[in-house]
2 protein chains.
Amino acid sequence: MSEPTELRDPPGASRRRKPAGKPKGRVTMTDIARAAGCSQATVSFVLNNSPGIRLSQQTRDRVIEAARALGYSPPVFSALRPPVTPFEGLDGVIGFAVDQLATSPEAVVAIEGARQASWNAGNVLLVAQTMGDAVMEPRAIQALTRRGISALIYMTIFTREIAAPDFLYSLDIPVILLNCYTADYAFPAVVPSEIAGGQSATRHLIAHGHRRIATITGEPWMQAAQDRLKGYRRALATADIPFDPELVVEGDWSASAGYAATVKLLGLKERPTAIFCQNDRTAIGCYEALKEAGLHIPQDISVVGYDDEEIARHLFPPLTTSILPHLAMGQWAIEQLETPPTPGRGRYPITKLECPLVERESVADVKG
Amino acid sequence: MSEPTELRDPPGASRRRKPAGKPKGRVTMTDIARAAGCSQATVSFVLNNSPGIRLSQQTRDRVIEAARALGYSPPVFSALRPPVTPFEGLDGVIGFAVDQLATSPEAVVAIEGARQASWNAGNVLLVAQTMGDAVMEPRAIQALTRRGISALIYMTIFTREIAAPDFLYSLDIPVILLNCYTADYAFPAVVPSEIAGGQSATRHLIAHGHRRIATITGEPWMQAAQDRLKGYRRALATADIPFDPELVVEGDWSASAGYAATVKLLGLKERPTAIFCQNDRTAIGCYEALKEAGLHIPQDISVVGYDDEEIARHLFPPLTTSILPHLAMGQWAIEQLETPPTPGRGRYPITKLECPLVERESVADVKG
DNA sequence: GCCTTTGACTAATGTATATTAGCAAGCGCA
DNA sequence: TGCGCTTGCTAATATACATTAGTCAAAGGC
């Protein structure tokens, strides 16, 4: 207490502490007060509607007016990240935007992967749905970004190339694409390796001695269908099995298409000994047609699916299928944030994650 | 201003200003610091996971321990008072907190219901997972509330009574409970009407002429299991069918328990003609046992399930089951927000929504 | 014309948290 | 031995909002 005056800097001196050119990151009550020509206290009273305080309606209106004009929002402490956040700890809140949540379980699985990976670091995931709607998508993402998230994961239900909405480019936080990618490789992106998946499913059949392997595709315009087919052809080529167009039947991911396609295949002069259904639903229809024809799986004919949907486990016999790596993709996305490889928005290669095959009981060695 | 020294109290003097015997209304970081034997700053670092700060794991653990023990919850900046909200402009964002997202589809369905209902009004739903963790739950909800959401929906995966965390009470936005409720009825809450569901499932069997109806329960300590059983007994009583304890077998929601229970039921001197499985998984095991015994569904014996899981449709024969009204519950929650009946936190009755029965092909008239 | 009251507001201060600077101990090393 | 570096933490301070205790001017009372 000998020199109390030493303790106090002249008022205003401290203001220069923040050297950054950015004077304000947020609108505060003080700003509103200045705009409305009153004190910060008055603003506090108005915005809190404090009981027992008497203020003229004019003043109240002026304050509200100003608050609205300046876009005041209550304090978000986590949003006060220093201008150049070195991304070590990556605290806080990570946004996860997805077009649909309910239509298929993959989104939930990816979210779960991201959550698990965030958990250790104590980060919270905030999920918003965009519904792929041009009006709502910006609002949904704004609901996240405006609130001070420290990174955004942007996921689509179907694997595809997207034209990223403009605002993704103008965000100043890391953006990771999950199950989609942009043509300009502007963001780190991760997708399942469908080609490798189709290849390993087919290779699995080949390893069991099959040489006459049919496949039932999905809707041909979908990336996943094309890639799975590509993998199928590649596996055939690798094993020196000639490609027979007769053995490729177009489906549409549905069980009924699987049924019809299988009937068609069974009508072939030289029947396949194995069928690679490019998703599990198709396999359901395939099973049905096979059973109707009096064929036994896998003794008479082997079947593999794709996607490892819940039902694959409950079919009879349980279906050998490929797991979509959405859990791993979610984790991968978070890991990208932990290692700070954001060297000025360069070009990122698209990461492809494997679709491991789960062997169950629908594949056997070829007869004969 | 003649006596500037008067302005500066010696540090600590100001502490005595608050004369009230109550030293603290809330747990602050300073309290935690004292308990953990460190400084308030350290607590701040730990709880915020501040980037670029290095602390020993021990210290972090001690702080988290203490925070948990003292029941710390971060300050809630209200910003927007209910009575006269100055800015409807602060775009409608509704928070949806759920303990688990991935473990079962119900949460996703409820979210979808809430989303659909919000959509028209142009509101955005932000979803956070709490994982039922004492440390993470406040953080997750904080991630929502701090960001100025205009309402919070709080959901649990299992239907149950909860002790709502303190901070739920101190929020000044509407809070709706979904699939759970508090003993003090402090919040509007909605749950499935499991009793009515169990009753209507059983009644359905009675309507088909069955009188000897068995049931396989879930884990007995779970609310849902108790209520479904209660509904079963009620339906029996209403139809003047005596209750036979022999026909009630305890399961645990799993297929294998369903299998074992069915085997036990088939060993009875007087076999049941119908089995009410209290969830679909149980029914899977039940189907299995029945088929092994050479019985045909529904000709020889009828089966109903509960939950309408995806698989119910794909069983053979497709399973008659009750739909959990999570979609409707999500919608209901949003509707409560639209009609603003929040007259000073009164007592709200628990709303129960029906579980409608979907008839498929696993029930037939009793033979003879 | 001098108090008193009241309405409308502010200065000053309090509270809780975030952040910066720096201290002290330990370690590798020249 | 002593220099520089890292690690792990605290003291001090800044920031943002809430609240208390007023100030000040106008409107009465006497």
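Proteins get letters first, then strands, A, B, ... in listed order; numbering begins at 1 in each.
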- Hey, is A:Arg62 close enough to A:Glu65 for a salt bridge, meaning N to O under 4.0 Å?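 No salt bridge links A:Arg62 with A:Glu65.
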- Task: Measure from the side-chain N and O atoms of A:Asp31 to the backbone N and O of A:Thr28, and report whether any donor-acceptor pair falls under 3.5 Å.
- Result: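 Side chain of A:Asp31 to backbone of A:Thr28, a donor-acceptor pair under 3.5 Å: yes, one is there.
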- Side-chain donor or acceptor of B:Asp99 paired with backbone N/O of B:Met131 under 3.5 Å: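 Flag not set: sc B:Asp99 to bb B:Met131 has no pair under 3.5 Å.
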- Task: Go through D:dA16, C:dA11, C:dT17 for me and flag the one nearest to the B:Met29 side chain.
- Result: C:dT17
- Task: Can you figure out which of D:dC9, C:dA18, D:dA16 approaches the side chain of B:Ser44 most closely?
- Result: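 Closest nucleotide to the B:Ser44 side chain: C:dA18.
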- Could you verify whether a donor N or O on one side chain and an acceptor N or O on the other, from A:Glu112 and A:Gln116, lie under 3.5 Å apart? yes
- Item | Bending between helix ends of the helix from C:dG1-D:dC30 to C:dA30-D:dT1 [5 pairs per end, 10° resolution] |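 For the helix from C:dG1-D:dC30 to C:dA30-D:dT1, the axes at opposite ends meet at about 40°.
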- Assign B:Thr30 to base, sugar-phosphate, or nothing according to its heavy-atom contacts below 4.0 angstrom with the strands shown. nothing
- Task: Have a look at A:Ser56 and say if it touches a base, only the backbone sugar-phosphate, or nothing, with a 4.0 Å heavy-atom cut-off.
- Result: sugar-phosphate
- Message: With rounding to the nearest 0.5 angstrom, report the SG to CZ distance, A:Cys38 to A:Phe45.
- Response: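 So the SG of A:Cys38 and the CZ of A:Phe45 are separated by 10.5 Å.
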- Message: At less than 3.5 Å, do the side-chain atoms of A:Gln40 and the base atoms of C:dA11 form a donor-acceptor pair?
- Response: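 No pair found.
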- Query: Got a sec, which residues hit salt bridge (charged side-chain N to carboxylate O under 4.0 Å, His left out) with B:Arg54, two or more places apart in sequence or on another chain?
  - Reply: none
